[in-house]
**Q** 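Would you mind keeping the following structure in view while I ask a few things?
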Amino acid sequence: MDKLFYRTPPREWMEGLPIGNGRLAAMVWGQKEDRLTLNHEWLWTGRNKGRQAQQAAEGLPLVRDAIRQGELFTSAALANSFFGGKGGISGIPGRVDDYQPAGELCMELAGETAFASRELDIRTGVARVCRKCGDAAVTGEFFADCVGQCLSARWESEAPFSGTLSLGREAEEGTEITVTAGETGLRLDGRIAGGIQFAVRAEIATDGRVRAENHQLIVENAKYIQIVVNIATSQDDLERELSAYSLDAARYEEEKARHIARFSDIMGRLDFALNEEEGLSGLPTDERIRRVKEGNADNGISRLYFDYGRYLLVSSSVCGQLPANLQGKWNDSLTPPWNCDYHFDINLQMNYWMAEPAGMPECAEALIRYVRSFLDSGREAAKRLYGCRGIFLPIQTDAWGISTPESYGWAVWIGAAPWIARHLWDHYRYSGDTAYLKNEAYEFFAAVAEFYEDYLQKDENGVYQILPSQSPENSVAEVGCFPVLIGQSSAMDVQLCFDALTYAIRSAEILGVDGDKAARWKELRDNLPPFAIGSDGRLMEWNREYTEREPGHRHLSHLYGLYPSDLFTPDTRPAQYEAGIRSLRYRLSHGGGHTGWSRAWVSCLAARLGDREGFYEHYSALIKDFATVSLLDLHPPRIFQIDGNLGAVAAGIEAVVSYYDDTAHLLRGVPAQWASGHLNGVKIPGGHTVNVSWENGRLSSLSVVMGFEPEARLEWQGKTFTAKGQPGETAEFAV
């Protein structure tokens, strides 16, 4: 089952069918008309592109003194005053721009009598909607061209039909909108006061009669109507961007075939199959989801959810200059929740956990470009805020690559840069591209390490402490109104620092550079605070045992060392590994995992821990408790947020192929309900490709296509397999 299929129209935007290529995106929905809500990745309001971090480094000694004296409320108040920026709980508007829609393209068919069906083929990226107009069936077809980079639509019927095509945008104070219509198409121009300009251009080709009327196009007696849509913004050169892409609607079939070839190639790199229940394949997707929500098993929906997450990442990244934001690239609101922005304390990272193992490195490139865009501003922010060299990234930001704290109450945290550095390191581990490591990644790793050189504080015992420090986004009662505790050397910050310094050290060794710096970084890393365990056997979240304000908090920050990192494994740090398990159980016993993204993280952790029942429970909950009828992930109360969709793919891969301790551990998280299946095409560090099948819970076949490293190590139930060979050779194992 590679399609989302329905016999009823969507009731709202969130039940629509998303198409996208990274640069442009659209949600295909509408009850009485085909409505495409249009998005361009650079269409952020643009009013705050000139912001800078404030000068605040003089406050750092005051904050540190308050932390050392144990004055938690005072340290939180001082830290947020100096380093918290605007927005958040301050009551002052923050300076993060909103990601906004460009408008809507609507086709209202004349004489529609019935809705027939709609579907989205996630292998090809093509959506279809069928409506009845009298006795004729009119089929609309839509795709976001991942080669030509425009949006395409075609309506066709064996009998002549008519329709009205319009282009518009919701009115907004301070935004000027004009729409013009001519026989060749429509154009919408927008200007946000004090911000960005944008334009939408829709070109038409048809065998019917076209006339412009009231800023709309009336098409009569057509057997086909083809539209190609381009969107541009003043982020670059608006008119140049409008003319840079082909708008030849007459080449529809040729461009569709080219798009499908590329899109299906990316989607086809991973092949996932499960034992599926008979008699369900003909049911519409919403009916199957309803059955799952009622407690029925449906491995077909589990597989579809997995592949749909991959589809969403491809569709929001493959041609993009920017990575997927909180809603990928799909948004219908002028004032979206959390600005539809980038959150560096879990959400952006989770979006790309799957990119390398799922064999989609070109999707990760959008993230890497975005992270590197912060280098100049991040260095300035590190100096202004903390008086440090190196780089500082904010907890919350937008498209412009500007590093400023904008969420008072949450923003006092220096862990964003080291956490996102993991993705730059993984891109090297999976590709072996030393030119990339030298020319792109190492500069960032060195900047992160340089920040720690100045920021870490050596105590009387020779331990390098991190202060101020927080554990996103958890807190304790003693901090009063502040939503997070500002203290010393939280567990996550220590774990992040350890990993980030390791990336810098290993990169310097690989490249044969900066030996003196690498020695200094080793000295810092090897004298960080210990990964402490509390008196109750749990992994400590802070440097002291506090009583959490929310024992069931949605964030699992202190468990970073379990996943996505492998700092804590049964072989390397067994005590911390067991303490992490105890911490996870405690968090869940108090209601943790109560958002889509949080439940996806729990699913990943359960898979890494080999908790088969837990993995199935939490992966299934993403569908039962957090999915719309179009399988989009929801954040309470009912907000679309894409990270749960994308994190679920990482969890599914982890259940089958879990990579840690330089070994691919097979089938650790595969639940009894997934008794038989296969997952072919999983990438692991070293550039290797793993193909694995299982029957009745037992490994049935295993092969490895060798990557750039000469050897790969795999394990299943205590049995070790070692693959050796030249790049491209296949090693097959008798199991």
**Q** Taking NZ, NE, NH1 and NH2 as the nitrogens, is one of them in Glu453 or Lys517 under 4.0 Å from a carboxylate oxygen of the other?
**A**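 Salt bridge between Glu453 and Lys517, a charged N being under 4.0 Å from a carboxylate O: no.
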
**Q** Would you say that more than 12 heavy atoms from the other residues, nucleotides or ligands in this model lie under 6.0 Å from the CG of Asp516, or not?
**A**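 Open.
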
**Q** Do you know the tightest heavy-atom contact between Met350 and Ala600?
**A**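 Looking at all heavy atoms of both residues, the closest pair is SD-CB, 4.0 Å.
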
**Q** Do the side chain of Arg525 and the main chain of Cys497 share a donor and acceptor less than 3.5 angstrom apart?
**A**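 No; zero donor-acceptor contacts below 3.5 Å.
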
**Q** Quick one: OG1 on Thr404 to CZ on Arg384, what's the gap to the nearest 0.5 Å?
**A**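 One finds 11.5 Å between OG1 of Thr404 and CZ of Arg384.
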
**Q** What I want to find out is whether Glu362 reaches Arg269 closely enough, with some N-O distance under 4.0 Å, to be called a salt bridge.
**A**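 Yes.
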
**Q** Taking Asn39 for the side chain and Leu24 for the main chain, is one N or O donor matched with an acceptor at less than 3.5 Å?
**A**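 Such a contact is absent between Asn39 side chain and Leu24 backbone.
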
**Q** Under 3.5 Å, is there a donor on one side chain and an acceptor on the other for Tyr352 and Ser317?
**A**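 Short answer, yes.
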
**Q** Can you tell me how far apart CG (Leu567) and OH (Tyr577) are? Round to the nearest 0.5 Å.
**A**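 Nearest 0.5 Å value for the CG-OH distance: 14.0 Å.
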
**Q** Between Arg389 (side chain only) and Lys383 (backbone N and O only), is there a donor and an acceptor less than 3.5 Å apart?
**A**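 Such a contact is absent between Arg389 side chain and Lys383 backbone.
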
**Q** Evaluate Asp398 against Arg47 for salt bridge (Lys or Arg N to Asp or Glu O under 4.0 Å), listing each step before the verdict.
**A** CA-CA 11 Å; Asp398 50 29; Arg47 295 188 175 107; over 6 Å; no

**Q** Specify the closest pair of heavy atoms between Val412 and Tyr386, including all atoms of both residues, with the distance to one decimal.
**A**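 Residues Val412 and Tyr386, closest heavy atoms: CG1-OH, 4.2 Å.
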
**Q** Let's go through Tyr659 and His665 carefully: what are the C-alpha distance in whole Å and the side-chain angles of both, what is the deciding distance for ring pair (Phe, Tyr, Trp, His ring centres under 6.0 Å) to 0.1 Å, and is it a yes or a no?
**A** CA-CA 6 Å; Tyr659 193 87; His665 301 265; 8.0 Å; no

**Q** May I ask you to decide whether Arg587 forms a salt bridge with Glu541, counting only side-chain N to carboxylate O separations under 4.0 Å?
**A**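 The answer is yes: the pair qualifies as a salt bridge.
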
**Q** Tell me the closest heavy-atom pair linking Phe344 and Pro394, and the distance in Å.
**A**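 Here Phe344 and Pro394 meet closest at CD1-O, 3.2 Å.
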
**Q** Is there a ring pair (Phe, Tyr, Trp, His ring centres under 6.0 Å) between Tyr311 and Phe263? Walk through the geometry before answering.
**A** CA-CA 9 Å; Tyr311 167 84; Phe263 199 93; 5.6 Å; yes

**Q** For the residue pair Tyr428 and Phe708, categorise the inter-ring angle as parallel (less than 30°), tilted (30 to 60°) or perpendicular (more than 60°).
**A**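 The arrangement is tilted - the two ring planes meet at 30° to 60°.
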
**Q** With a 4.0 Å cut-off, would you call Glu406 and Lys86 a salt bridge?
**A**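 Result for this pair is no, no salt bridge flagged.
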
**Q** Determine whether Tyr452 and Ile414 satisfy the following criterion, side-chain contact (heavy atoms from CB on, under 4.5 Å), listing intermediate values before the conclusion.
**A** CA-CA 10 Å; Tyr452 280 125; Ile414 51 86; 4.0 Å; yes

**Q** Using a strict 4.0 Å threshold on nitrogen-to-oxygen distance, state whether Asp566 and Arg573 make a salt bridge.
**A**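 Looking at Arg573 together with Asp566, the answer is no, because their closest N to O distance does not fall below 4.0 Å.
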
**Q** Does Asp454, at its CG atom, have more than 12 non-hydrogen atoms belonging to other residues, nucleotides or ligands within less than 6.0 Å?
**A**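 Counting neighbours around CG of Asp454, more than 12 heavy atoms of other residues, nucleotides or ligands fall under 6.0 Å, so yes.
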
**Q** Please determine, by modelled atom types, if Ser469 and Ser490 share a side-chain donor-acceptor pair under 3.5 angstrom.
**A**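 Yes, a side-chain donor-acceptor pair sits under 3.5 Å.
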
**Q** Are more than 12 heavy atoms, taken from residues, nucleotides or ligands other than Arg506, located less than 6.0 Å from that residue's CZ atom?
**A**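 Not buried by this count: 12 neighbours or fewer within 6.0 Å.
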
**Q** Starting from the C-alpha separation in whole Å, work towards a yes-or-no answer on side-chain contact (heavy atoms from CB on, under 4.5 Å) for Val479 and Val476.
**A** CA-CA 6 Å; Val479 301; Val476 299; 4.2 Å; yes

**Q** Side chains of Glu380 and Gln52: do they bring a donor and an acceptor to under 3.5 Å?
**A**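 Yes, Gln52 and Glu380 have a side-chain donor paired with an acceptor closer than 3.5 Å.
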
**Q** What heavy-atom pair brings Leu634 and Ala627 nearest, and what distance separates the two atoms?
**A**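 Nearest heavy atoms, Leu634 then Ala627: CD1-C, 4.3 Å.
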
**Q** For the pair Trp44 and Tyr342, evaluate ring pair (Phe, Tyr, Trp, His ring centres under 6.0 Å) and give the outcome as yes or no after the intermediate values.
**A** CA-CA 12 Å; Trp44 302 67; Tyr342 295 105; 5.7 Å; yes

**Q** Any luck finding a side-chain donor-acceptor pair between Asp661 and Thr569 under 3.5 Å?
**A**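 Distance-only check passes for Asp661 and Thr569.
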
**Q** Apply the test ring pair (Phe, Tyr, Trp, His ring centres under 6.0 Å) to residues His343 and Trp410: give CA-CA distance (whole Å), side-chain angles for both, the deciding distance (0.1 Å), then the verdict.
**A** CA-CA 11 Å; His343 274 53; Trp410 290 275; 9.2 Å; no

**Q** Decide, yes or no, whether a salt bridge links Lys438 with Glu443 under the criterion of side-chain N to carboxylate O below 4.0 Å.
**A**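 No, Lys438 and Glu443 are not salt-bridged.
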
**Q** Any ion pair linking Glu548 and Arg538 (charged N to carboxylate O, less than 4.0 Å)?
**A**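 Between Glu548 and Arg538 there is a salt bridge, with a charged N closer than 4.0 Å to a carboxylate O.
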
**Q** Mind telling me whether Trp425 and Tyr503 have parallel, tilted or perpendicular rings, with 30° and 60° as the class edges?
**A**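 If you compare the ring of Tyr503 with that of Trp425, the planes turn out parallel.
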
**Q** If only side-chain N and O atoms count, and only distance matters, is there a donor-acceptor pair under 3.5 Å linking Asp643 with Asn351?
**A**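 Result is no, nothing qualifies.
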
**Q** Go through the steps for Glu509 and Lys522 under the test salt bridge (Lys or Arg N to Asp or Glu O under 4.0 Å), then give the verdict.
**A** CA-CA 12 Å; Glu509 292 170 347; Lys522 286 180 183 178; 3.2 Å; yes

**Q** Give a yes or no on whether the backbone of Phe392 and the side-chain of Ser403 come within a donor-acceptor separation of less than 3.5 Å.
**A**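 Checked: pair present.
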
**Q** Checking side-chain contact (heavy atoms from CB on, under 4.5 Å) for the pair Ile346/Trp419: CA distance, chi angles, key distance, verdict?
**A** CA-CA 9 Å; Ile346 176 60; Trp419 194 351; 3.7 Å; yes

**Q** Regarding Glu41 and Arg23, does a basic nitrogen lie under 4.0 Å from an acidic carboxylate oxygen?
**A**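 Salt bridge: no.
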
**Q** Evaluate the criterion salt bridge (Lys or Arg N to Asp or Glu O under 4.0 Å) for residue pair Glu473 and Arg554; output intermediate values, then yes/no.
**A** CA-CA 8 Å; Glu473 296 175 7; Arg554 62 198 177 279; 3.0 Å; yes

**Q** By the definition side-chain contact (heavy atoms from CB on, under 4.5 Å), identify the one residue from Ser316, Cys340, Pro101 that meets it with Trp330.
**A**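 Result: among Ser316, Cys340, Pro101, Ser316 is the only option passing the side-chain contact (heavy atoms from CB on, under 4.5 Å) with Trp330.
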
**Q** Leu632 and Leu312: side-chain contact (heavy atoms from CB on, under 4.5 Å), yes or no, with the steps?
**A** CA-CA 10 Å; Leu632 294 175; Leu312 291 172; 4.3 Å; yes

**Q** Could you tell me how the ring of His635 sits relative to the ring of Trp338: parallel (under 30°), tilted (30 to 60°) or perpendicular (over 60°)?
**A**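 His635 vs Trp338 ring planes: perpendicular.
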
**Q** Do any N or O atoms from the side chain of Asp97 and from the backbone of Ala399 form a donor-acceptor pair under 3.5 angstrom?
**A**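 Answer holds: no.
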
**Q** Do the ring planes of Phe568 and Phe531 sit parallel (below 30°), tilted (30 to 60°) or perpendicular (above 60°)?
**A**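 Plane angle over 60°, so perpendicular.
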
**Q** Would you give the length of the straight line joining atom CG of Leu646 to atom CD of Gln641, rounded to the nearest 0.5 angstrom?
**A**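 The CD atom of Gln641 is 10.5 Å from CG of Leu646, to the nearest 0.5 Å.
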
**Q** Please say whether more than 12 non-hydrogen atoms of neighbouring residues, nucleotides or ligands are located less than 6.0 Å from NZ in Lys49.
**A**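 Check passes, neighbour count above 12.
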
**Q** Could you check whether Gln470 and Asp493, counting side-chain N and O atoms only, form a donor-acceptor pair closer than 3.5 Å?
**A**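 Side chains of Asp493 and Gln470: no pair found under 3.5 Å.
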
**Q** Measuring from Tyr442:OH to Leu437:CG, what's the distance to the nearest 0.5 Å?
**A**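 With rounding to 0.5 Å, OH (Tyr442) is 9.0 Å from CG (Leu437).
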
**Q** Could you tell me whether a side-chain N or O of Ser471 sits under 3.5 Å from a main-chain N or O of Asn474, the two making a donor and an acceptor?
**A**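 No, the answer is negative, given that no donor and acceptor are paired below the 3.5 Å cut-off.
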
**Q** Assess the side chains of His423 and Gln349: does a donor N or O sit below 3.5 Å from an acceptor N or O?
**A**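 There is no such pair (donor and acceptor under 3.5 Å, judged by atom type) between the side chains of His423 and Gln349.
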
**Q** Assess, by modelled atom type and distance only, whether the side chains of Trp413 and Asp345 contain a donor and an acceptor separated by less than 3.5 Å.
**A**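 No.
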
**Q** Could you tell me whether the side chains of Tyr560 and Asp499 share a donor-acceptor contact shorter than 3.5 Å?
**A**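 Yes, Asp499 and Tyr560 have a side-chain donor paired with an acceptor closer than 3.5 Å.
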
**Q** Please report the shortest heavy-atom distance between Val657 and Ala664, naming the atom on each side.
**A**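 Result for this residue pair: CG1-CB, 4.0 Å.
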
**Q** Any sub-3.5 Å donor-acceptor pair from Arg599's side-chain atoms to Ala648's backbone N or O?
**A**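 Flag not set: sc Arg599 to bb Ala648 has no pair under 3.5 Å.
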
